[in-house]
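Read through the structure below, which is laid out as C-alpha cells, and then see the notes.
Here is how names work: the chains are called A, B, and so on, in the same order as the sequence lines, proteins then strands, and each is numbered from 1. This structure is a prediction, so every number in the text was calculated from the model and none was measured.
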Amino acid sequence: MIKIENLTATVEENEILKGVNLEIKKGELHAIMGPNGSGKSTLSKVVAGHPAYKITGGSIKYLIDNNYVDLTTLEPDVRAKEGIFLSFQYPIEIPGITNLTFLLESFNQVCEHQGAPAMKEKEFRYFLKPKLEMLQMSESFLERSVNGGFSGGEKKKNEILQMSVLNPRLALLDETDSGLDIDALKVVADGVNRLKSADNSIVLVTHYQRLLDYIKPDFVHVLYKGKIIKSGDKTLALELEKKGYDWLIS
Amino acid sequence: MNSETENIILTDTLSLKIEKDLTKPLLITFTTTEKTQDSTFYPKIFIDTIPGVKATIIERYIHTGKVQNSYTTNTQTTINLAPNSNIEYIKIQDECLKAVHSSSFIGKLEQGATLNFFPISIGANGSTNKMEISLLGQNAEANIYGFYQGRNEQRIENSIIMDHASPNSISTQRFKAILENSAKGAFTGRVKIAKNAIGSNANQLHRALLLSDQASCLAKPELEVNADDVKCGHGATVGQISEEELFYLMSRGIPRKNALKLLFIAFTQEIIDMIENNVARNICELHLSKTYDKKIKQQKRVCK
Ligand SMILES: Nc1ncnc2c1ncn2[C@@H]1O[C@H](COP(=O)(O)OP(=O)(O)OP(=O)(O)O)[C@@H](O)[C@H]1O
Ligand SMILES: [Mg+2]
C-alpha cells in the first residue's frame, strides 16, 4: 500500500526523520512505538502532507489504481481523497463549524472524487447513526462545533467517527488510545477492528501494549531518533513493555 | 422583492414609529444605480417605539448598477427605544466599491430597553461609521455585534461611544474584521460610565483576521469610568488563518478553497449567529457569502 524509503524530513530547520524505511502491504496492520520525541507524529504528518514538514530526501510511494505513485506531490486533500487518513494525536477545535457540516463536506468531497453520489443532510444523518452507535457517541456531537469543548477521549472518538465515514485505505492512528478510559478503549478498538479489512492497511502509533491486546498487529516497529531501529512481530511489544527501550538504544 | 419582510424603499427621509410587535422584519433599502456618479445622498431615518414592543429592522445600502461608480452616501439614523422595548437592528453596507459611505447611528435607550445592533460593512472604498448609544434608563442594554471586511484599498473605520448614564446598564461591543491586500481597518470603542451608573457592566472585544502582510488594523479601547462597582472588560486580537485548522480540514479531503470558505464563515458566524430573526440572518448571510469566493483567490498557497 505504501513504501517509504530513506525518508528524511525537517520541521523549522530541525531534521526529525533521519532515513525511515517502511513498507506496508495491503491488509497489514503495523504498530509503531518509540520514546517521546522520536518522530512518530512527524512521520504520520509527513504522510498526510502537513505543510510545516519539509521532505529533504528519500521517497514515499503510495498505491493508487495498482500503481505506486509519488505521494509527496499531492495536496493533503487529494491524499485524503485517495484513501489516506490521519487520526491526530491532538485533534484541534474549530469553532464556528458544526461537526455535521464538517463531516458532510468531507464525505461529499471524497465521494465526488471516488465517483460515488453525494448525500444530502438527511440521508447523511441516517448514514451516521450506526457509526455513532458503534462508538457510543450521542447525536448531539453532530450539532456541536468541530471538537469544540470535547473531552480528550471524545476527540479521539470523533477521529474514529471521521475514519468510519471516509473508510480509508491507509489509516494512520496516532496515539488514538491515549486519553481513553478502559471502556472507551474497547469501544474504539472494536471500531477499528470493524473497519479493518483485507483491502486496507492500518498503522497504529502507540505507547502501550494494552491497545495491542485488542488490535493485533502483524508487525511492530521501534522508531528512535528519526529511524526505525528494530522491527518484529507482536512479541516485540511485550518485550518493550517489560524492558523499556534502553536495551535497544545502547 | 422578498415577501418574508416588510419592505420600504428609502429615498430621502423616513420617519416611523413602531407601535406593535412586528412579525416580519422591516427591510429598509437604499439603492444606488449606475446613474449616481458624483452624487451625494443624505438619507435619514428616525425611528421611535412605544414601550414594550419587539421588532427586527434591517437598514441596507446596495448598488445595482453594472458599472461601478463613485458617489457618496451620508446616512443618519436615530432610534429611540421606549421603556422595555426590544429592537434588533441590522445595518448592511454593501455599496459599490468606488463609493464613499459615511454613517451616523444614534440610539437612545430608556429603562429596560434592549438594542441589539449589527453594523455590517462589506462595500464602499471608504466607510466611516459613527455609533453613539446612550443608555439613559436603568437596566437598559445595548449590544453591538459588528462585522467588517476590506480588500484592495478599502478603508473601514468604526467608532463607538457607549454612554452608560444610569445604574445597572449593560453593554457589549463585539467586532470581527477580515482584511486583505492593503485594506485598513480602525476601531475605536469608547465606554463612558457616569457617576450614578453604578452596577453597570461593559465589555468590548475586537478580533481581526489579516490575510496579507499589507493589511492592517488598529483597535483602540477608551474607558472613562466615573462610578464604583462597575465591570469593564476589553480585548483585541489580530491573527491569521490558522494553518493547523486549514490542514485539519484538508486532511479530510476538503480542498483548500472550500476549507478557507468554511473558516471564513466560521469566523463571521459568531457575529451572525447572534441575529435572532431567521429571515434577517439569512439576508446577512446572502450578502456575505458572495464575498467569500473573492477572498479565497487572494490566499496564497502554502502547500506544495
Ligand atoms: N512544529 C514543530 N516545530 C518544532 N519542533 C517540532 C515541531 N513538530 C515536532 N517537532 C519536534 O520534533 C520531534 C519529534 O516530534 P514528534 O511529535 O514527531 O514526536 P513523537 O514521536 O510523536 O513523540 P510523542 O510520543 O511524545 O508523541 C520533537 O523533538 C519535537 O519537539
Ligand atoms: Mg506523537
Side-chain angles (χ1 to χ4, degrees), chain A residues 44-45 47-55 70-88 90-99 101-114 145-148 155 158-159 161-163 165-168 172 174, chain B residues 120 145-147 149 174-178 205 207-209 235 237 239-275 281-282 284-285 288-289 291-293 295-296 299-304:
Chain A
S44 320
K45 286 189 183 172
V47 171
H50 194 295
Y53 299 81
K54 301 271 172 284
I55 295 174
D70 178 5
L71 188 66
T72 61
T73 58
L74 304 180
E75 289 273 346
D77 63 304
V78 179
R79 298 184 199 200
K81 286 169 182 152
E82 291 295 350
I84 291 180
F85 180 85
L86 167 61
S87 169
F88 287 78
Y90 304 109
I92 56 163
E93 301 188 6
I94 309 184
I97 303 175
T98 67
N99 219 11
T101 305
F102 165 57
L103 287 165
L104 182 58
E105 175 76 9
S106 162
F107 177 77
N108 280 338
Q109 287 292 342
V110 172
C111 280
E112 191 188 326
H113 183 83
Q114 297 176 353
S145 69
V146 179
N147 294 325
K155 283 181 183 163
N158 204 33
E159 294 290 290
L161 177 66
Q162 293 164 46
M163 175 177 168
V165 165
L166 298 181
N167 195 16
L172 310 154
D174 191 358
Chain B
I120 294 171
Y145 302 102
F147 173 75
Q149 58 158 41
R174 186 151 301 153
F175 272 76
K176 288 214 171 176
I178 302 183
L205 187 65
R207 287 187 63 196
L209 201 55
T237 62
Q240 280 82 36
I241 280 278
S242 153
E243 284 300 323
E244 291 303 322
E245 291 180 2
L246 193 57
F247 177 65
Y248 192 77
L249 296 175
M250 289 180 76
S251 78
R252 299 307 185 235
I254 303 173
R256 169 173 299 272
K257 223 179 102 172
N258 301 48
L260 282 169
K261 185 167 175 173
L262 281 174
L263 292 175
F264 289 141
I265 294 172
F267 184 76
T268 49
Q269 208 60 32
E270 196 195 348
I271 299 295
I272 304 304
D273 275 350
M274 299 307 290
I275 301 176
R281 195 172 341 104
N282 290 341
C284 279
E285 281 175 348
L288 288 168
S289 68
T291 71
Y292 296 127
D293 294 323
K295 259 205 250 2
I296 286 157
Q299 275 283 315
K300 47 180 187 251
R301 288 159 55 93
V302 183
C303 284
K304 198 159 82 100

- prompt: What residues form a side-chain contact (heavy atoms from CB on, under 4.5 Å) with Asn282(B), not counting sequence neighbours?
  reply: Glu285(B)

query: What pairs with Val110(A) under side-chain contact (heavy atoms from CB on, under 4.5 Å), at least two apart in sequence or on another chain?
result: Lys81(A), Gln114(A), Leu166(A)

- request: With a 4.5 angstrom heavy-atom cut-off, could you sort out which part of Glu93(A) is near chain B: side chain, backbone, both or neither?
  value: backbone

query: Glu244(B) versus chain A, heavy atoms under 4.5 Å apart: side chain, backbone, both or neither?
result: both

Leu262(B) vs Ile97(A) side-chain heavy atoms within contact, under 4.5 Å: yes

- prompt: Can you find a pair of side-chain heavy atoms, one from Leu263(B) and one from Ile94(A), that are under 4.5 Å apart?
  reply: yes

message: Could you go through Ile92(A) and Phe247(B), starting from their C-alpha distance and side-chain angles, then the distance that decides it, and tell me whether this counts as side-chain contact (heavy atoms from CB on, under 4.5 Å)?
response: CA-CA 10 Å; Ile92(A) 56 163; Phe247(B) 177 65; over 6 Å; no

query: Taking side chain as C-beta onward, heavy atoms only, is Glu270(B) less than 4.5 Å from Pro95(A)?
result: no

statement: Honestly, the part of Gln162(A) sitting under 4.5 Å from a heavy atom of chain B is side chain

task: May I ask you to check whether Tyr90(A) and Tyr248(B) place their ring centres under 6.0 Å from each other?
output: no

query: Nearest 0.5 Å, what's the CE-NE2 distance between Met250(B) and His50(A)?
result: 11.0 Å

query: So Phe88(A) and Ser251(B), side-chain contact (heavy atoms from CB on, under 4.5 Å) or not? Walk me through it.
result: CA-CA 10 Å; Phe88(A) 287 78; Ser251(B) 78; 3.5 Å; yes

- prompt: What is the minimum heavy-atom distance between Arg252(B) and Ala80(A), and which atoms define it?
  reply: C-CB, 3.8 Å

task: Side chain from CB out, backbone as N, CA, C, O: work out which of these in Ser145(A) comes under 4.5 Å of a heavy atom of chain B, or both, or neither.
output: neither

query: Looking at Pro91(A), Ser106(A), Pro168(A), Ala52(A), which has the largest count of heavy-atom pairs under 4.5 Å with chain B?
result: Ser106(A)

query: What part of Val165(A) gets closer than 4.5 Å to chain B, counting heavy atoms only: side chain, backbone, both or neither?
result: neither

